[in-house]
Amino acid sequence: MRRWLILGVGSAVILLPLIVWIALPETIVLTDFVHRGGSIYLKNVSKYFLLFLFFTSLFVGATIVFLAVFLVVRKSYLASSGRKVRSIEQVYLLRVSELLFEEPDVPGEQLEEEMRALAWRDMVRPRVFELRKECEGASIRRLLSRRALREVLWRMNSDLTGETRRRLAFMLEDLGFVRDSVRELKDSRWWVRARACRALGMMRSKEGMFPIIGLLEDDEEDVRNEAALALIEIAGVSEALDPILSNVKSISGWMAIRLSGDIVRLGLESAPHLLKGLDSSSEKVQEFSIRMMGQLKDISVVPSLLNKMDSLTVRLKAVAIVTLGKIGDYRGQPVIERYARDKRDRLRIAAAEALGYLGALNTLPLLEEMFLQDWIDVRLVAAKAIAQFGSIGKKKLQEYRWRGDSLAKAIALQTLDELGFIRPPKRSTFVSTQRIV
Amino acid sequence: MKPLILVVEDDEITSSLIRFKLSNSGYDVVVVGDGTQALEFLKTRTPDLILLDMMMPMMSGKEFLLEFKKLPLGVKIPIIILTAKTLEKDVLEGLALGADDFMKKPFSPSELVARVQTVLARKK
């Protein structure tokens with residue numbers, strides 16, 4: 001884009017004085033002044049001055065146009081130089097492999113892994129800096145070399161674990177690739193920031209961690225997603241969850257899916273981090289944290305969740321009520337029962353659902369009350385909750401098929417049908433009554 | 001004489017890393033790009049161990065193992081399979097088809113050498 005802008009400006013610089021010179025000579029102030037009363041000397045000066053101005057503009061404009069064309073051609077060449085890059089990659093593959101597997105010559109006892117990696121770094125540093133010098137600079141050859149070297153290192157990075165990977169991380173830092181990506185984190189273009197996050201995640205450099213945490217509050221969703229992923233790559237799920245849930249501006253659906261898998265794998269260890277998410281300023285982060293608490297069913301979060309209830313919005317309260325039901329802790333039951341009588345429909349619906357998850361027999365009368373007397377949406381949810389009480393719940397619904405108001409009968413029948421408790425009649429026998437399984 | 005290891009791996013970065021590490025650890029290494037080339041190689045030389053990637057073009061690791069079993073020297077050469085993290089079923093299939101050990105990718109080269117040493121020691 002910049003190249004085209006330069007091209008445009010250059011063309012304008014060439015054309016403008018030309019247009020003025022050819023089309024509007026009479027309006028030039030100097031010429032006019034000369035006609036009215038200036039001397040012959042002044043007339044010549046003005047003419048030569050204008051000539052000078054014209055040719056200077058022409059020269060500057062031509063230079064700008066040439067520069068723009070050069071940059072465009074250069075960029076095209078770089079983009080299409082894949083084959084050249086691959087041949088350079090072969091060379092760097094050998095050199096990097098030699099460096100990676102060289103062992104520090106340390107006499108005496110065996111070093112710990114971390115210390116050995118540091119000893120290796122000191123040993124190979126001069127040669128790594130040589131590599132760096134080969135790739136620094138703006139010439140096409142050096143740019144291609146840098147690209148090839150980076151490609152080799154990134155691909156190795158994804159194949160390796162353990163000490164060798166730590167060595168690779170050191171190489172990436174010493175070669176300046178980490179620094180380049182950290183610099184790109186501040187770019188005004190969102191796709192550059194996102195790409196830089198991804199690169200830092202791939203390089204797993206701890207140097208990039210703190211700048212990436214700042215990007216969790218970025219305005220662009222893609223940047224936030226890449227930043228979260230990068231943090232997980234660099235620090236691991238357990239370490240990354242805290243900064244993610246505390247700082248992220250908002251959680252997208254995609255990020256929620258990605259994080260939920262990691263949280264489920266982490267298990268109960270993630271509960272303290274989810275509590276941090278509960279205190280987030282973003283409602284989406286709070287909602288995500290509350291829902292995940294319900295997935296994990298960790299009773300240790302119940303006190304914090306109960307304390308937080310009053311300060312939550314109605315929507316989040318509803319989510320929290322269902323979560324309390326899913327967790328199934330006795331401490332949640334009085335709160336759920338209280339909300340079962342709340343004047344807000346949304347909260348009563350959530351309470352009915354929660355009572356179904358809770359499965360406490362002493363709450364069945366309350367559920368029946370909601371099923372028989374409440375508003376239709378609440379009754380539908382209450383019916384499904386009753387069905388979760390196993391054979392007792394099924395029996396209750398079968399009773400309500402025949403007693404209660406017409407709506408109760410219809411809802412009971414629908415619920416039994418949805419849950420597969422009603423077998424449809426055989427077509428060949430034309431039986432008009434339905435047999436209940 | 002150094003033990004000979006046949007590496008059957010199509011990715012050049014991975015095969016280069018393995019070759020370097022094993023060579024530095026005192027092994028002779030030959031790298032081929034797929035199962036077909038590996039079978040051709042086995043007609044001329046007998047390696048002490050085979051490192052086999054499961055995901056390859058032309059002939060996959062599983063197909064190679066099936067063909068390998070039919071060879072007369074099939075029983076004598078130990079095999080370590082290399083597989084990506086998500087393809088656990090490949091591990092189970094490979095072990096069922098006669099592989100002696102497996103390594104998941106991404107892998108630690110040091111761990112790979114340790115497994116090679118263990119498998120070779122067991123073979124002796």
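Given the structure is predicted, the values throughout are model-derived calculations rather than measurements. Just so it is clear: chains get the letters A, B, ... in the order the sequence lines come, proteins before strands, and each one is counted from 1.
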Ring pair (Phe, Tyr, Trp, His ring centres under 6.0 Å) filter on F177(A), not counting sequence neighbours, yields none

In this structure, CZ of R165(A) is separated from CZ of F107(B) (nearest 0.5 Å) by 12.0 Å

Rounded to the nearest 0.5 Å, the OG atom of S16(B) sits from the CD atom of E98(A) at a distance of 9.5 Å

Proximal component of R155(A), with respect to chain B [non-hydrogen, under 4.5 Å]: both

With chain A as the partner chain, list the residues of residues 28-39 of chain B whose heavy atoms fall under 4.5 Å from it, by residue number, and write 'none' if nothing qualifies. none

Contact summary for E12(B) and L93(A), nearest pair of heavy atoms: O-CD2, 4.0 Å

Drop me the distance from L22(B)'s CG to F101(A)'s CZ, to the nearest 0.5 angstrom. 9.0 Å

Verify the neighbour count for atom CZ of R115(B): are there more than 12 heavy atoms of other residues, nucleotides or ligands below 6.0 Å? yes

Report the option among T164(A), L160(A), V152(A) that has the most heavy-atom pairs separated by less than 4.5 Å from atoms of chain B. L160(A)

Which value, rounded to the nearest 0.5 Å, describes the distance between S97(A) atom OG and K21(B) atom NZ? 12.0 Å

Contacting moiety of L94(A), where chain B heavy atoms sit under 4.5 Å: both

